[in-house]
Amino acid sequence: MSKILGLDLGTNSIGWAVVEREYENFNLLQLDSAPTSGVVIFPEGVKIEKGNEKSRAAERRGFRSARRLKFRRKLRKYKTLLVLAKNGMCPLTEEEVKAWKKSGFKKYPENEEFLNWLSTDDEKEVNPYFFRDKFSRKLYNWKNNRQLAYELGRAFYHMAQRRGFKSNRLEQSDENIIANIKEQIQGAFNEAANSPALYSKVQEIFEEFDFENQTKDELDATEQKLKSIWNYIIKVLANKIKNKDYSTFDNIKAEIGRYINRSENMGAVKEGIKELSDKMQDAGCKTLGQYFWYLYRQDRNPLDNKIRTNYTAREEHYETEFNEICRVQQLPDEVKSALHRAIFFQRPLRSQKGLVGKCTFEKSKPRCPISRPEFEEFRMWAFINNIKIKTPDDEQMRFLTQKEKERIIPKFYRQKATFKFEEITKALYDKPFVYYQDREAKDAQYLINYKLNTTVS
């Protein structure tokens, strides 16, 4: 007779019981001194609100991210004010700015002149949008006029408060796929010398999607958008090649470029940024500050006239305006560089090397990162060394010979991320291979231990 402990593991409970086994019979153990079954209930690992589960870690992470974002904004303002104070462009001394940081950014400067510098007055045209428009149009003698220097500094400080998107952080991964394809097409523009060459490169870019053999119903929304781009490019190039029209290749590239950059072929943020740039051009405004001051003076009740509803790009809008103001006002290079670092500084991504495990063979050293070419080569050899085949000359499945391995190695040296295993079989022998576990494989002459549609990295 043996005793067995049984456990029933739940999300917030553990049920347990001790049973006795005698041959095929199980009975609950009976003891007078102690219980032999029961349940332990503990708090759930998730937070439940209105019937929906929510990770407690995600909630903490959200608050932590908000704190960090707020701190970095304060740090950016601090560095900008420090540069402005050093160059007499704001009514603060360096000591007053540093005192704000020493207080943990809790005690904001209370200099009355500084608080007036931050305030606005529409009747007197004391407005940061007005200053950004003013100093991007005409050179002023701000170096010898303290009031003008303060106004110029207020324009720069306003840009530090709102500096636009550096990347499409609101875009979904599907939109990033489209953006990646567009970058590849732009690269093909630079590499191709004529329409036939561009046609070939575009076919290579879209090869993995196999649009020729798929209907619209078989594609998701992203693939449908990509197929419409593919159809358009192939149609344009095919017509040019058919008519032997090779004299206007630059015009062809421009025509295709206009199509792939249409708003309906972009993500929400990119589309918003492009629309804003088009509106600036239609309004005759050279910089973002000029356009926003133009909107500020309009009736801002209509949605189109609201300033804060626009997607702004850091490089295309804010850095362009910053450089234009510096050029027009002839800002010294050292001041321009210091202000640029303060306003547009982007904290680099943290190193992830701490997440790399230890090597299996050398315990004191980290594993090779998967981004290393050596690891790519290791993965190739690991895959090749697992391939088994059977030819008419073999009695049973065997590993590849060295000569056979050398035939398929070139297939792994390519820019595409994946390819089909069938390409390997064609490189081995120009014979039809069959997966060895298929029923009809018994009579086949060439067998292999991978399915032909297997994706190879």
Side-chain angles (χ1 to χ4, degrees), residues 165-212 214 219-242 244-274 277-278 313-317 319-320 346 349 369-373 375-377 379-380 410-420 423 455-457:
F165 295 104
K166 181 175 177 61
S167 61
N168 297 331
R169 58 193 176 96
L170 297 185
E171 299 281 54
Q172 298 179 357
S173 59
D174 289 348
E175 301 295 348
N176 293 334
I177 293 173
I178 296 175
N180 181 44
I181 293 295
K182 288 180 181 179
E183 288 180 7
Q184 293 183 51
I185 295 173
Q186 293 292 345
F189 283 170
N190 299 329
E191 295 174 8
N194 50 45
S195 296
L198 181 58
Y199 182 92
S200 176
K201 288 186 178 295
V202 170
Q203 288 285 42
E204 289 180 10
I205 292 171
F206 287 94
E207 182 182 1
E208 62 180 299
F209 298 102
D210 193 25
F211 287 140
E212 291 179 343
Q214 290 182 308
L219 305 175
D220 60 27
T222 301
E223 290 172 334
Q224 289 179 16
K225 191 175 290 188
L226 284 174
K227 186 174 182 180
S228 67
I229 295 174
W230 175 76
N231 280 334
Y232 179 83
I233 297 175
I234 294 300
K235 182 178 178 181
V236 170
L237 293 176
N239 287 336
K240 298 295 181 183
I241 294 170
K242 182 179 179 180
K244 296 183 179 181
D245 182 5
Y246 305 144
S247 59
T248 57
F249 187 52
D250 288 339
N251 294 337
I252 295 171
K253 291 192 292 185
E255 181 182 345
I256 294 173
R258 284 193 296 270
Y259 179 81
I260 65 177
N261 289 315
R262 284 164 60 176
S263 59
E264 58 266 31
N265 293 326
M266 294 183 174
V269 176
K270 278 191 174 181
E271 182 180 353
I273 289 172
K274 185 178 183 302
S277 298
D278 293 341
R314 186 172 306 173
E315 294 180 3
E316 184 178 345
H317 295 143
E319 289 200 54
T320 300
Q346 184 75 25
L349 295 174
I370 61 175
S371 58
R372 292 286 303 180
F375 178 80
E376 296 282 343
E377 188 176 10
R379 189 169 62 175
M380 175 191 73
K411 293 293 179 183
F412 289 84
Y413 289 90
R414 56 174 67 196
Q415 289 184 335
K416 284 182 64 177
T418 60
F419 63 96
K420 295 300 181 183
E423 293 189 33
T455 299
V456 184
S457 297

Practice item. Verify side chain to side chain contact (heavy atoms under 4.5 Å, CB included) between Thr455 and Lys420, making sure each step is shown before the conclusion. Key: CA-CA 5 Å; Thr455 299; Lys420 295 300 181 183; 3.4 Å; yes
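- Judged by distance alone, the side chain of Ser277 and the main-chain N or O of Ile273 form a donor-acceptor pair under 3.5 Å.
- Counting only heavy atoms from C-beta outward, the side chains of Ile233 and Tyr259 never approach each other to under 4.5 Å.
- Ile256 is not listed as a side-chain neighbour of Val202, based on a closest heavy-atom distance of 4.5 Å or more.
- Side-chain polar atoms of Tyr232 and Glu255 form a donor-acceptor pair below 3.5 angstrom.
- In this structure, Lys227 NZ and Ile229 CD1 are separated by 13.5 Å, a value rounded to the nearest 0.5 Å.
- In plain terms, the two heavy atoms of Lys411 and Phe419 that are nearest each other are O-CE2, 3.7 Å.
- Using a 4.5 Å heavy-atom cutoff, the side chains of Trp230 and Ile205 are not in contact.
- Taking OH of Tyr199 as the reference point, atom OG of Ser195 lies at 11.5 Å (rounded to 0.5 Å).
- Note: Leu237 CG to Asn194 CG = 10.0 Å, rounded to the nearest 0.5 Å.
- Contact of the Phe206 side chain with the Ile234 side chain is not registered, since no non-hydrogen atoms from C-beta on lie closer than 4.5 Å.
- The number of heavy atoms from other shown groups lying within 6.0 Å of CZ (Arg372) does not exceed 12.
- We find the CD1-CD distance between Ile181 and Gln186 to be 12.5 Å, quoted to the nearest 0.5 Å.
- One N or O on the side chain of Thr320 and one on the backbone of Glu315 form a donor-acceptor pair closer than 3.5 Å.
- Nearest approach of Lys201 to Ala188, heavy atoms of both residues: CB-CB, 4.0 Å.
- Using a 4.0 Å cut-off between charged side-chain N and carboxylate O, Glu376 and Arg379 make a salt bridge.
- Contact between Thr418 and Ser457 at its shortest, heavy atoms only, is CG2-CA, 4.3 Å.
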